[in-house]
Amino acid sequence: MKISRLFASPLAGTAAVMAGLAVLAVPLHRLTSAPPVVATPAVEITDGCVSTTHAVLRLKLLAPARKVTVGLPGGVPLLDLTNIQTGVSEHDVDLVLDHGVCELELSVDFGDAAMETAVFLTTMPDDLEEKTLFITGTGRARDILHFEWPHHHD
């Protein structure tokens, strides 16, 4: 029997496939059974921790506004926008987190609008879930929005 004829048989083909799988079995087992890799957040929130993290603020207006400002209580401005149309806009900012809490002062001037309307502010900090709060009003509306993320103790 010739050697080339031996490898042409279905039995030899099956044996070759099984040998290839046997060679790959150990690396595949190590790859598929490795413990999961857990990414550590860029901002670790612990007791006594005040930190700054990058975030995207999504602003949704249901009516046009003359002016919108978002800032930290105490007067540190994060956004100062004028003549904003109805719709959604996103803005990069740095948020200050104190024990997983961030307070933002949202002030909106709707001008002469007589109907009550709403402004939604969504915070999307890096490595934390997004949170949405809103204010309603006519003319001028202002409020301090309290965003909070749970923090874990080791």
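The basis for the numbers below is simple: all heavy atoms, side chains too, and nothing from hydrogens, waters or symmetry mates.
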When hydrophobic residues are tied together by side-chain contacts of less than 4.5 Å, even through go-betweens, does [X] share a cluster with [Y]?
X    : Y   : result
L145 : V76 : yes
V96  : V70 : yes
L95  : L81 : yes
F110 : I84 : yes
L59  : V56 : no

Roughly how far apart are [X] [atom1] and [Y] [atom2], rounded to 0.5 Å?
X    : Y    : atom1 : atom2 : answer
E105 : L78  : CD    : CG    : 10.5 Å
D98  : L72  : CG    : CG    : 11.5 Å
E130 : L57  : CD    : CG    : 11.5 Å
L133 : T122 : CG    : OG1   : 8.5 Å
L106 : F134 : CG    : CZ    : 12.0 Å
H91  : L121 : NE2   : CG    : 9.5 Å

Which atom of [X] lies closest to which atom of [Y], heavy atoms considered:
X   : Y    : value
K60 : V88  : CG-CG2, 3.8 Å
D80 : K67  : OD1-NZ, 2.6 Å
A55 : P125 : CB-CA, 3.6 Å

(request) For R142 and D109, run salt bridge (Lys or Arg N to Asp or Glu O under 4.0 Å): C-alpha distance rounded to whole Å, both residues' side-chain angles, the deciding distance at 0.1 Å, then the answer. (result) CA-CA 9 Å; R142 181 187 157 284; D109 181 358; over 6 Å; no
(message) Donor-acceptor pair, distance only, cut-off 3.5 Å: does the side chain of W149 make one with the backbone of E129?
(response) yes
(request) Mind running side chain to side chain contact (heavy atoms under 4.5 Å, CB included) on F120 and L61 for me, showing each step along the way? (result) CA-CA 7 Å; F120 295 84; L61 296 172; over 6 Å; no
(message) Using side chain to side chain contact (heavy atoms under 4.5 Å, CB included), reason through I135 and V108 one step at a time and then give a plain yes or no.
(response) CA-CA 9 Å; I135 65 172; V108 183; 4.2 Å; yes
(request) May I have all residue pairs that pass salt bridge (Lys or Arg N to Asp or Glu O under 4.0 Å) and include part of residues 87-97, sequence neighbours excluded? (result) R58-E90
(request) Could you please spell out the steps behind the side chain to side chain contact (heavy atoms under 4.5 Å, CB included) verdict for F147 and L104? (result) CA-CA 8 Å; F147 295 93; L104 297 176; 3.9 Å; yes
(request) Take L97 and T53, measure what side chain to side chain contact (heavy atoms under 4.5 Å, CB included) needs, and give me the verdict at the end. (result) CA-CA 7 Å; L97 298 177; T53 186; 3.7 Å; yes
(request) Evaluate whether atom NZ of K131 has more than 12 neighbouring non-hydrogen atoms of other residues, nucleotides or ligands under 6.0 angstrom away. (result) yes
